[in-house]
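Some notes on the structure that comes next.
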Protein chains: 4
Amino acid sequence: MSIKNKPTNQKELSFIEKARRSQIVEYAIETIAELGYSQASLGQIAKRAKVSKGVISYHFANKEELLEQIAIEYYLAWQAYTTPLIEAQKSPKEMLRVYIESNLKFVYKNQKHVFAVIELGSNLRTADGKLRFAKEHDETVLLPIENILTLGMQEGIFREFTKQSARVMALTIRNAIDGFTIELMRNSQFDVQEYSNELVTIFERATKK
Amino acid sequence: MSIKNKPTNQKELSFIEKARRSQIVEYAIETIAELGYSQASLGQIAKRAKVSKGVISYHFANKEELLEQIAIEYYLAWQAYTTPLIEAQKSPKEMLRVYIESNLKFVYKNQKHVFAVIELGSNLRTADGKLRFAKEHDETVLLPIENILTLGMQEGIFREFTKQSARVMALTIRNAIDGFTIELMRNSQFDVQEYSNELVTIFERATKK
Amino acid sequence: MSIKNKPTNQKELSFIEKARRSQIVEYAIETIAELGYSQASLGQIAKRAKVSKGVISYHFANKEELLEQIAIEYYLAWQAYTTPLIEAQKSPKEMLRVYIESNLKFVYKNQKHVFAVIELGSNLRTADGKLRFAKEHDETVLLPIENILTLGMQEGIFREFTKQSARVMALTIRNAIDGFTIELMRNSQFDVQEYSNELVTIFERATKK
Amino acid sequence: MSIKNKPTNQKELSFIEKARRSQIVEYAIETIAELGYSQASLGQIAKRAKVSKGVISYHFANKEELLEQIAIEYYLAWQAYTTPLIEAQKSPKEMLRVYIESNLKFVYKNQKHVFAVIELGSNLRTADGKLRFAKEHDETVLLPIENILTLGMQEGIFREFTKQSARVMALTIRNAIDGFTIELMRNSQFDVQEYSNELVTIFERATKK
DNA sequence: AATGAATGAGAGTTCATTCAT
DNA sequence: CATGAATGAACTCTCATTCAT
């Protein structure tokens, strides 16, 4: 029962319906992880879910809604996991360390999901050709890092950052984390803890006064 | 005059034929830059090149060969530009700085081409579902950075790196550079020199003893 | 309680069941009036009726039966309304006038229903591709007009008609009435009385001795 | 080579391309005549044309364009045939007679095409649910009849008509002609000449002073 | 008596590829 | 050399129908 069929808002989706959608989302993630964004057709997703293609159309208005749901579920789970850990820290330096560590741990535990969202981030476009999640990504993912940097600078723990240089720093940190996801999916035999320690080292050095 | 039509090796391609292929490659880059990998059909490429789709099939055995040619031309141009500059440096520290600077300059001057190759790197897959350029990318792009790091370590200029940690460092540097390309394509108003300086600062701090 | 579920004849349909079917028929008419025959899916009908698609399948053996029911209810209501009025007239001329007037009045009062039946008449086909209601339409709708014409001819009030020319006359009259329905649905600002008078004028002139 | 692929205007379509489109239009007409509007899928059309569905998509941007082409070709042929005959007449009475006769002759010679256009007229809708050809039909088909009526009235040959009553008259005449097409398609054994004479009789009586 | 879930066929459309000219 | 034409498979999406609950 897609939004199209139920024009009321999402809150009215039944518990069972939510669960069914989540199951399909799970298979969609699986499919993207296995075949990549451009080969992940509804047919392939349905095949993995062992249902007919029609089932997906029944639960989602269209493919776009399904793909967006992947991102929505991701952001919710990601924030629920990382934000409390980061906010529990006292100093910006600790916050940065925990940001990196919690993110890598989250990635490790949700490899396929994170990979799928990265694929969507770089491939899913709106009708006018623009990347669908560009803006959301900036606001949800980059801003928190920039805030930590600003805080550390104000407290005199981090070096000076202009608005521009803070953005470069944030991008570099985020790219390093996403890069770990890609490596994981390639079956590189990386140890999370090790990778985590390395990134912490790199960015503590890069930010300290 | 595709490989299919001329089963002899590439050296036999006439000068004119090479030029024609290069022109088509140029439009393919243009198309990927504009529409992204998954919307870049042969039809769209042909449209931009103002030729029929058949022309592309005539000059390339199939779509894959065309896309691979984009990467081949990229690697040649990239190496021709960056390698001499890097090798002209005396110390590993200078080499790292010039690696970053020359790469960002190259990206700036070849935005669309670099962007296209990044798209291919994360999307183009072989029949068995594996990323087509994964191995080449490691050997061509990551190894040189790792070599600089090893050299700097041996000379006592850089801190200690294990094989694993050097790989993490190299990946982080490379991801930072590719991230600049993405930002450029998004029309972020970044200044190359400024971005370059920031990355140099970050990675000099991250590598120094 | 479809025919399929109750293989006995229709007379056994309970009062409640009949009412339920009538409600669904009403929404089917609504839907055809709004979207036209080819867009009037069971889903759209169910949506307007605020029930699930399954309900329709429960009460009707299949879509065809539902659509036929629209026509059945129409013919019953149409005959109940027009026949007494026409038969109350003494002369064929009066009968023809009242035929036109009562039909236009009926159309005006049942715009959507009449429109839906016209849509069905020209679109609903049997498995072998023939129009489903062609024969019924001839016998139920055209014959009465032809009878009036024959009567008027026998009484020396109307001009001579052969079997063929009476059929042409009947068709022309009927097409004029159906045409009024179409115009009404297009929101043409026609006055029923005016349209009625015009048609009476036209066909009194066309039939008189 | 559809309009979509060739964004230049229609005048640039080659002679061969025009011919090919016309052939496909011919099969589309055939299909609508046989199956009716709502069963006339691209698959059925392609089947009759003995080509793949892709061929139709190659020559027409979409199904809508193909269907519109049916109407375009119809209007051109219809006007080319009927207009000169009608304009050659001296009196409005003769014009009306020739209008009916030439239209019925045209219908007889182009049964399937005319039938297809009638189907499109009553079924093809725009995205907002309105009948696609309603306005064109009024202007192209009804107006000329109204003009004849007005002329006849001014010359004192026809009875008085208000704007509204002229429209009713025009609609009635047109519906009678379209009705003939439907009868022909039903294989009714009507003689064109006879049907023609009947309609002329009806409408000469209906219009005369 | 009704529903929500699922199906599978078929719709229109896109696209890489082939090939006669 | 290049084209226009055609193919056929795969795509997303719609829909009438079935059925367990």
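Labels below follow one simple rule: chain letters A, B, ... track the order of the sequence lines, proteins then strands, and each chain is numbered from 1.
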_Whole angstrom value for the distance that separates P of E:dT14 from CD1 of D:I56_ = 14 Å
*Tell me which of D:E64 and C:I16 sits closer to the 5' end of DNA chain E, going by the nucleotide each one is nearest to.*
C:I16
_By nearest atom, which of the nucleotides E:dA2, F:dC11, E:dG12 is closest to the C:H59 side chain?_
E:dA2
_d(CD, D:Q44; P, E:dG12) in whole Å_ = 10 Å
Give me, pair by pair, the N or O atoms of the protein and of nucleotides 7-9 of chain E that are less than 3.5 Å apart, along with how far apart they are.
residue : atom : partner : partner atom : Å
E:dT7   : OP2  : A:S52   : N            : 2.9
E:dT7   : OP2  : A:S52   : OG           : 3.2

*Selection from F:dA6, F:dC13, E:dT17 that lies nearest to any side-chain heavy atom of D:R20*: F:dA6
_Pick the closest DNA chain F nucleotide for A:L42 and for C:A40 by heavy atoms, then say which residue is nearer the 5' end._
A:L42
*For the atom pair NZ (D:K18) and CD (D:Q23), what is the distance rounded to the nearest 0.5 Å?*
14.5 Å
*Taking D:R21 as the fixed residue, which of D:E65, D:E68, D:E73 is the one that meets the salt bridge (Lys or Arg N to Asp or Glu O under 4.0 Å) rule?*
D:E65
*Interatomic distance, D:I24 CD1 vs F:dA5 P [rounded to whole Å]*: 10 Å
*Side chains of B:Y27 and B:V51: closer than 4.5 Å at any heavy-atom pair?*
no
*What are the two closest non-hydrogen atoms of B:Y37 and A:S38, and how far apart are they?*
CE2-OG, 3.5 Å
*Beyond-backbone contact of A:R48 with A:E34, side-chain heavy atoms, under 4.5 angstrom*: yes
*Among F:dA5, E:dT17, E:dT14, which nucleotide sits nearest the side chain of D:S57?*
E:dT14
*Are side-chain N/O atoms of B:R125 and A:Q39 paired as donor and acceptor at under 3.5 Å?*
no
_Can you give me the dot-bracket string for DNA chain E, 5' to 3', counting Watson-Crick and G-U wobble pairs with both distances under 3.5 Å, using [ ] for crossing pairs and | for partners on another strand?_
.||||||||||||||||||||
*Atom NZ of A:K47 and atom P of E:dA6: how far apart are they, to the nearest Å?*
20 Å
*Figure out the NZ/P separation between A:K63 and E:dT13, and round it to whole Å.*
19 Å
*In whole angstroms, how far is the C1' atom of E:dT14 from the CD1 atom of B:I45?*
15 Å
_Shortest non-hydrogen separation from B:V117 to B:A71 and the atoms involved_ = CG2-CA, 4.2 Å
*Mind calculating the distance between OH (A:Y27) and P (E:dA6) to the nearest angstrom?*
12 Å
_So C:L120 and C:I32, do their side chains get closer than 4.5 Å, heavy atoms only?_
yes
*asked:* In the structure I gave you, are the side-chain heavy atoms of B:Y75 and B:H137 within less than 4.5 Å of one another anywhere?
replied: yes
*Roughly how many Å is it from CD in B:Q39 to P in E:dA16, rounded to a whole number?*
11 Å
